[in-house]
Amino acid sequence: MATFIKPRVPRGMRDILPEQMIRRQYVINVIRDVFEEFGFEPLQTPALELSEVLTGKYGPDAEKLIYQAGHTGGKEDISMRYDLSVPLCRVIAMYPQLPKPFKRYQIDPVWRAERPQKGRYRQFFQCDADTVGSDSMLADAENVNLIYQVLSRLGFKQFEININDRKLITGIGQFAGVPTEQLGGLYRSIDKLDKIGLDGVTAELRENEIPEDVIEKLLALLQVEGDALTVLNEMKQQLGDFETASEGIADLEELIGYLTTLGVPEECYRVNVAMVRGLEYYTGPIYETVVEEPKIGSITGGGRYDELIGSFSKQSFPATGTSFGIERIIDVMEEFNMFPTTVGKTVTQVLMTVFDDDLMEESLKLATTLRQGGLRTEVYFRPGKISTQMKYADAKGIPYAVILGSDELASGTAAVRDLATREQENVPLDKIVDHINQRLDNDEIK
RNA sequence: GUGGAUGUAGCUCAGGGGUAGAGCGCCUGACUGUGGAUCAGGAGGUCGUGGGUUCAAAUCCCAUCAUCCACCCCA
């Protein structure tokens with residue numbers, strides 16, 4: 001009796017089958033095109049890092065989610081990477097000769113042992129673009145522009161890039177005057193503003209035993225509305241006495257100025273002083289993109305982390321970057337049918353049918369011609385009923401079928417059938433490649 | 001990590017202590033040169049997994065795993 005291992009994958013991980021893989025590749029290609037358009041260079045690092053490289057960077061809560069990756073008898077303490085930014089910092093410290101500013105992108109999986117949910121997986125891809133070695137706010141503005149470019153090219157209409165600054169947040173902490181050990185709770189409560197509203201935040205602050213007069217001052221800050229510069233002006237009024245906050249505000253003003261010059265539309269971003277972000281390594285501007293529908297968490301995140309490289313080397317460099325989560329982007333795009341019709345179910349463009357054994361040779365020759373003409377062509381392996389072969393093409397979503405029977409062969413033609421419209425035309429053998437290519441171009445335009 | 005819901009055919013689900021149903025899909029034929037229709041036949045399920053209660057469990061109980069939802073956190 002054969003016993004079988006139940007086929008399954010670890011929690012929070014999944015296979016990505018061809019139909020879905022085609023959509024993923026489309027999204028990744030758009031992102032890569034934009035990254036390269038801005039002069040970011042590709043980089044790849046190992047999936048595994050020495051544990052000491054990863055620890056102490058993300059904060060205690062996040063660190064619990066890092067996968068250990070040792071092997072039997074292994075002498076090294078190894079973990080699976082949790083993000084792409086920390087490995088980048090390791091690279092910068094290891095190769096100090098790289099010319100600065102160093103702009104790199106990386107599109108690779110990371111692992112986090114979280115409890116899975118929709119849009120939340122234990123293995124997922126991050127698409128990161130980072131600039132190392134420049135403290136210019138232009139680098140940060142470029143990050144925001146990157147987000148705007150990618151999302152609008154993917155067809156997103158409703159998205160909001162939230163922008164804040166760690167220094168400004170620190171200023172709010174000083175302004176509130178709460179002791180250091182309460183700061184974390186304070187930030188966490190504020191961060192929920194969009195979710196639980198002013199009343200919810202008030203309640204949470206009370207629970208955290210923040211004094212009533214401080215709560216009032218904070219609420220006044222959080223209620224500030226308006227366009228980016230209005231919000232910043234208001235912050236200047238209220239927080240101007242705190243040096244760190246002033247620096248943050250000045251940085252953001254510069255950043256917003258660049259956004260305007262770069263042509264990033266105002267309605268795509270806002271200064272949101274309540275947006276905090278958990279990762280400990282951020283030091284300056286931070287950004288996060290949310291879509292309202294469906295509620296799926298943030299689809300991009302990022303910010304400036306000027307101190308992180310300093311944990312690997314005496315010679316530190318300022319750095320800033322942003323990260324796209326393609327799983328969530330794809331989930332949203334699927335929910336709203338945002339994929340262009342040219343992103344099909346299959347890579348194959350033509351099915352070369354085989355009429356019978358006698359015509360196999362001619363059919364294979366024609367398939368070779370089609371392939372040489374740049375057409376992705378699949379040959380049906382079992383000669384026989386055309387109906388079966390048509391069904392196969394239909395099921396796979398192959399747009400065109402070529403039929404070469406004895407009648408066609410006698411007249412030096414083959415029938416080209418459009419599966420979608422059911423139109424069929426006899427075309428001379430030497431014109432077939434052009435004929436199909438032209439039809440594919442027309443499909444593209446539609 | 002905490003709390004909750006769900007888990008029956010490829011898919012969507014119904015049923016409910018006496019060893020399984022529907023719709024859609026799939027396969028075959030009517031249709032020996034053409035896939036979305038019709039008709040006729042057919043295949044396919046250890047009722048998530050493991051234990052317990054019972055003469056009997058898919059149905060009740062426990063555990064476990066997976067998915068989803070909220071919290072936490074985040075891409």
Side-chain angles (χ1 to χ4, degrees), chain A residues 1 3-14 27 31 58-65 82-85 107-128 147 184-185 187-189 191-192 195-196 200 204 275-280 286-291 294-302 321-332 351 353-356 359 380 383-409 414-424 426:
Chain A
M1 253 294 264
T3 58
F4 296 99
I5 308 297
K6 190 174 183 181
R8 55 205 186 97
V9 293
R11 178 172 221 201
M13 307 198 181
R14 69 252 166 89
V27 172
I31 293 175
Y58 305 106
D61 287 343
E63 205 158 303
K64 286 184 207 140
L65 305 178
Y82 180 88
D83 73 351
L84 301 175
S85 301
I107 299 173
D108 270 325
V110 301
W111 292 269
R112 298 182 185 180
E114 288 192 281
R115 190 128 158 196
Q117 249 177 69
K118 188 176 189 174
R120 152 178 294 193
Y121 306 95
R122 289 185 158 193
Q123 173 179 320
F124 62 95
F125 268 65
Q126 290 200 321
C127 308
D128 278 34
I147 298 170
Y187 293 153
R188 257 193 300 276
S189 303
D191 193 36
K192 290 188 206 160
K195 207 169 201 172
I196 61 179
E204 282 223 4
M275 192 268 296
V276 179
R277 292 192 60 74
L279 292 180
E280 273 186 357
I286 49 180
Y287 5 89
E288 175 173 294
T289 310
V290 290
V291 287
K295 283 253 177 293
I296 204 163
S298 49
I299 57 174
T300 85
T322 190
S323 177
F324 295 78
I326 48 174
E327 273 77 9
R328 289 179 178 181
I329 288 175
I330 291 169
D331 282 351
V332 174
L351 178 71
T353 63
V354 181
F355 202 82
D356 57 32
L359 286 161
Y380 200 82
K385 293 177 79 168
I386 293 295
S387 68
T388 312
Q389 305 191 36
M390 285 303 150
K391 258 188 209 168
Y392 175 75
D394 189 45
K396 276 198 78 167
I398 301 173
Y400 293 96
V402 172
I403 300 155
L404 183 60
S406 42
D407 295 352
E408 286 84 1
L409 191 64
V416 175
R417 185 171 180 86
D418 182 328
L419 273 286
T421 64
R422 306 190 144 219
E423 286 167 17
Q424 189 167 317
N426 276 27

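Computed from heavy atoms alone, side chains included, the values below leave out hydrogens, waters and symmetry copies.
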Aromatic plane relationship, A:Tyr58 with A:Tyr82 - under 30° parallel, 30 to 60° tilted, over 60° perpendicular: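 Rings of A:Tyr82 and A:Tyr58: tilted, as their planes differ by 30° to 60°.
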Phosphate contact ([N] OP1 or OP2) by [X] side-chain N/O below 4.0 Å:
X        : N      : answer
A:Arg417 : B:rG33 : no
A:Lys64  : B:rC73 : no
A:Lys192 : B:rA70 : no

From the list [options], which nucleotide is the closest neighbour of the side chain of [X]?
X        : options                : result
A:Asp407 : B:rG33, B:rA75, B:rG35 : B:rG33
A:Arg422 : B:rG35, B:rC73, B:rA75 : B:rG35
A:Gln424 : B:rG33, B:rC74, B:rU34 : B:rU34
A:Arg115 : B:rG35, B:rA75, B:rU2  : B:rU2
A:Lys195 : B:rC73, B:rA75, B:rG35 : B:rC73
A:Ile403 : B:rA75, B:rU34, B:rG35 : B:rU34
A:Arg188 : B:rC72, B:rG33, B:rU67 : B:rC72

[X] near the nucleic acid: base, sugar-phosphate alone, or nothing, with a heavy-atom cut-off under 4.0 Å?
X        : answer
A:Leu65  : nothing
A:Gly59  : nothing
A:Glu408 : base
A:Asp83  : nothing
A:Ala420 : base
A:Tyr121 : base
A:Ser406 : base

Between [atom1] of [X] and [atom2] of [Y], what distance do you get to the nearest 0.5 Å?
X        : Y        : atom1 : atom2 : value
A:Asp394 : A:Leu419 : CG    : CG    : 6.0 Å
A:Ile403 : A:Tyr380 : CD1   : OH    : 13.5 Å
A:Glu423 : A:Tyr400 : CD    : OH    : 8.5 Å
A:Arg417 : A:Ile398 : CZ    : CD1   : 14.0 Å
A:Leu84  : A:Asp108 : CG    : CG    : 6.5 Å

What is the distance, rounded to the nearest whole Å, between atom [atom1] of [X] and atom [atom2] of [N]?
X        : N      : atom1 : atom2 : result
A:Gln117 : B:rC74 : CD    : C1'   : 11 Å
A:Leu84  : B:rC74 : CG    : C1'   : 15 Å
A:Arg11  : B:rA66 : CZ    : P     : 5 Å
A:Asp418 : B:rG36 : CG    : P     : 16 Å
A:Leu351 : B:rG35 : CG    : P     : 14 Å
A:Lys118 : B:rA75 : NZ    : C1'   : 16 Å
A:Asp61  : B:rC73 : CG    : C1'   : 7 Å
A:Ile330 : B:rA75 : CD1   : P     : 17 Å

Could you work out the separation of [N] and [M] based on their [atom1] atoms and round it to a whole Å?
N      : M      : atom1 : result
B:rU8  : B:rU67 : P     : 14 Å
B:rG25 : B:rC39 : P     : 12 Å
B:rA63 : B:rA43 : C1'   : 36 Å
B:rA14 : B:rU6  : P     : 11 Å
B:rU46 : B:rG50 : C1'   : 12 Å
B:rC61 : B:rG21 : C1'   : 26 Å
B:rG51 : B:rA37 : P     : 45 Å
B:rC62 : B:rC71 : C1'   : 27 Å

Taking every non-hydrogen atom, the tightest pair across A:Asp128 and A:Ser323: OD1-OG, 2.7 Å
Nearest non-hydrogen partners of A:Thr353 and A:Met390, listed with the distance: CG2-CE, 4.4 Å
Comparing A:Ser387 and A:Ala62 on RNA chain B - which has the more 5′ nearest nucleotide: A:Ser387
Toward the 5' end of RNA chain B, by each residue's nearest nucleotide, A:Thr300 or A:Val9: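 It is A:Val9 whose nearest nucleotide is closer to the 5' end.
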Consecutive-pair stems (at least three Watson-Crick or G-U pairs, under 3.5 Å) that include RNA chain B: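 The stems that RNA chain B takes part in, listed by first number, are B:1-7 with B:65-71, B:10-13 with B:21-24, B:26-30 with B:38-42, B:48-52 with B:60-64.
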A:Phe355 over B:rG33, stacked by centroid distance under 5.5 Å, angle under 30°: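 According to the criterion (under 5.5 Å, under 30°), no, A:Phe355 does not stack.
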Is it the case that [N] (base atoms only) and [X] (side chain only) share a donor and an acceptor within less than 3.5 Å, ignoring hydrogens and angles?
X        : N      : value
A:Gln389 : B:rG33 : no
A:Arg328 : B:rC74 : yes
A:Arg112 : B:rC73 : no

Under 3.5 Å donor-acceptor, A:Glu408 side chain and A:Asn426 backbone: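 A pair under 3.5 Å: no.
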A:Arg328 side-chain N/O to A:Ser298 backbone N/O, donor-acceptor pair under 3.5 Å: yes
Side chain to side chain contact (heavy atoms under 4.5 Å, CB included) between A:Arg188 and A:Val276, intermediate numbers included: CA-CA 8 Å; A:Arg188 257 193 300 276; A:Val276 179; over 6 Å; no
